[in-house]
There are 2 protein chains.
Amino acid sequence: MHAAVLVHEGWAFRHRTLTDGRRQVIDFVMPGDICDPTVFVMPRADFSMQALTTLSYSLVRPEDVLDLVTRSPRIGAALWWAEAYEEAINRAHVVAIGRLNAYERVAYLLWELWTRLRLVDLADGDGFVMPASQEIVADAAGLSYVHVSRTLGRLEREGLIRRLKKTWRIIDAARIRQISQLADNLHITPLSRKIQQRLKQ
Amino acid sequence: MHAAVLVHEGWAFRHRTLTDGRRQVIDFVMPGDICDPTVFVMPRADFSMQALTTLSYSLVRPEDVLDLVTRSPRIGAALWWAEAYEEAINRAHVVAIGRLNAYERVAYLLWELWTRLRLVDLADGDGFVMPASQEIVADAAGLSYVHVSRTLGRLEREGLIRRLKKTWRIIDAARIRQISQLADNLHITPLSRKIQQRLKQ
DNA sequence: CGTATTGTTGAGTGAGATCAAAACCAGTGG
DNA sequence: CCACTGGTTTTGATCTCACTCAACAATACG
């Protein structure tokens, strides 16, 4: 059983960088998320993790995880849910990167980030603070940063989003959702909302 | 209703098909694989599954899984391991599709399939039976089937693989492994081998 | 056999990459 | 308040890898 990191504040991302410099961001980690902390310490062969902002988090040791799970079915369920949620996001990424074009892919990413942030009350209405540079977004979407810039520009020109410094706003959520194709992959329910909220604290 | 599926014999694949027909294969399911333990927590699966050959499998109902896990730590550990393994494969897919070119991606796929089959003793030395059509391989790699055909042709012309009907052989494993870049993502250990072997039965 | 599915090959095209330069922005220090 | 610096974003021009279209070959199958 692994230890776990519970993120309270701040963003990070997990990524894999190849020897020649190519990098793929596997996913973003934000408040309410749980993840394996060993990556902070040990450069695992698989992937590594990097903070985007200052992070506040708590560590749960393996023994404690086991203890928590066996004692409280509620927490066990929450952990299990978090796991399943993460997997659903990962599957969506595979589909997005494998079969959506740049326009759809960037729309999906916007939708995912906004949705996940709303889940933990970190979205300010239609807007949210975006700490990641476009280079990192590109590495998450499997695109070049130049093309990400162009695509975001297009979405803005079309009136679907608006950007001001680090704050991005979803102007036409319905359209973004529709373009992204995979919005329903993130099946958010009132229950999941409550669970994630609790984990955030 | 959803339940866990334990595959004993045969291949299947999980995929997501978009409304316009574009399809992404999320992963292949082969003997020893369990899918999908998390489906109990999710309201509805965001993907569907399809058999490639006749399948032999056993179904485990949600209640029974819970029961098994709480009673036998051994089974709990095995489930946990299977989960982690599946995630590692999924992460590798994201990286492969996002950042590898067609040549590397196909090499990776070959490596992954061969490695996973060896894990459950279903590889005949350097060869294995490949039940999936190139169209399905293409949908797994995020490529067109035409390009998959060309790429396999190239690998064969270069003497790295050989194909005879449905049997594919890895002639130069070291090269394939090297080209795929992500071979070490599948961290196989003697332990994992044993666990997978047991699950196969 | 004939028919359907799958695989191969060639030609032309296009979405997104790469290259390069300019514009912008946040600090930092004078 | 301004100039200087390094990072980020934008824009234009060009190129390339993989896609599409189309025809044909091979294999599987009733």
Side-chain angles (χ1 to χ4, degrees), chain A residues 11 13 18 20-25 50-54 96-110 129-158 161-169 179 181, chain B residues 11 13 18 20-25 50-54 96-110 129-158 161-169 179 181:
Chain A
W11 285 44
F13 65 97
L18 305 179
D20 59 6
R22 281 179 290 178
R23 179 177 64 175
Q24 177 66 38
V25 169
Q50 198 173 316
L52 273 171
T53 67
T54 50
I97 299 174
R99 286 301 180 217
L100 300 188
N101 62 33
Y103 188 59
E104 298 164 326
R105 241 184 273 181
V106 171
Y108 168 74
L109 213 73
L110 286 168
V129 175
M130 179 60 185
S133 72
Q134 289 185 19
E135 187 180 4
I136 290 167
V137 172
D139 285 341
L143 296 167
S144 70
Y145 67 91
V146 174
H147 205 61
V148 164
S149 171
R150 284 192 224 278
T151 307
L152 285 168
R154 177 177 167 200
L155 286 166
E156 193 156 24
R157 249 178 291 112
E158 293 176 344
I161 62 167
R162 193 166 303 149
R163 288 169 295 164
L164 227 87
K165 296 200 279 185
K166 290 280 168 205
T167 301
W168 294 10
R169 322 203 135 269
I179 293 166
Q181 313 260 63
Chain B
W11 285 44
F13 65 97
L18 305 179
D20 59 5
R22 281 178 291 178
R23 179 176 64 174
Q24 177 65 39
V25 170
Q50 198 174 316
L52 272 171
T53 66
T54 51
I97 299 174
R99 287 299 181 218
L100 300 189
N101 62 35
Y103 187 60
E104 297 164 326
R105 244 184 270 180
V106 172
Y108 168 74
L109 213 72
L110 286 167
V129 175
M130 179 59 183
S133 71
Q134 289 185 18
E135 187 180 4
I136 290 167
V137 172
D139 285 341
L143 297 166
S144 69
Y145 66 88
V146 174
H147 205 61
V148 165
S149 171
R150 284 192 224 277
T151 307
L152 285 169
R154 176 177 167 201
L155 286 166
E156 192 155 25
R157 249 178 290 113
E158 293 176 346
I161 63 168
R162 193 166 305 151
R163 288 170 294 163
L164 229 85
K165 295 200 279 184
K166 290 280 170 206
T167 300
W168 294 10
R169 321 205 137 268
I179 292 167
Q181 311 260 62

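Lettering of chains follows the sequences in order, A, B, ..., and the numbering in each one begins at 1.
For B/Lys166, whose side chain is taken as the heavy atoms from C-beta onward, the closest listed nucleotide among D/dT20, C/dG7, D/dT10 is C/dG7.
With B/Arg22 contributing its side chain and A/Arg99 its backbone, the two residues share a donor-acceptor pair below 3.5 Å. Using a distance-only test at 3.5 Å, with no hydrogens or angles considered, no donor-acceptor pair links the side chain of B/Arg23 to the main chain of B/Asp139. Side-chain atoms of B/Arg157 do not come within 3.5 Å of backbone N or O of B/Leu152 as any donor-acceptor pair.
Comparing the axis of the opening five pairs of the helix from C/dC1-D/dG30 to C/dG30-D/dC1 with that of the closing five pairs yields an angle of 40°, rounded to 10°.
Contact check of residues 98-108 of chain B against DNA chain D (heavy atom, cut-off under 4.0 Å) returns B/Asn101, B/Ala102. Remark: B/His147, B/Arg150 in residues 147-155 of chain B come within less than 4.0 Å of DNA chain D through at least one heavy atom.
One atom, CZ of B/Arg23, and another, C1' of D/dC19, lie 17 Å apart when rounded to the nearest Å. Atom CD of B/Glu135 and atom P of D/dC19 are 13 Å apart (whole Å). When rounded to the nearest whole Å, the span between OH of A/Tyr145 and P of D/dG12 equals 16 Å.
Within 4.0 Å (heavy atoms only), A/Ser133 reaches sugar-phosphate atoms of the nucleic acid but no base atom.
At a threshold of 4.5 Å between non-hydrogen side-chain atoms, the residues B/Arg169 and B/Arg163 do not count as touching. When side chains are defined from C-beta on, B/Trp11 counts as touching B/Met130, because their heavy atoms get closer than 4.5 Å.
Among the candidates B/Glu158, B/His147, B/Arg150, the single residue satisfying the side chain to side chain donor-acceptor pair (under 3.5 Å) test with B/Tyr103 is B/Glu158.
In this structure, B/Gln134 reaches the C/dT8 phosphate: one of its side-chain N or O atoms is under 4.0 Å from OP1 or OP2.
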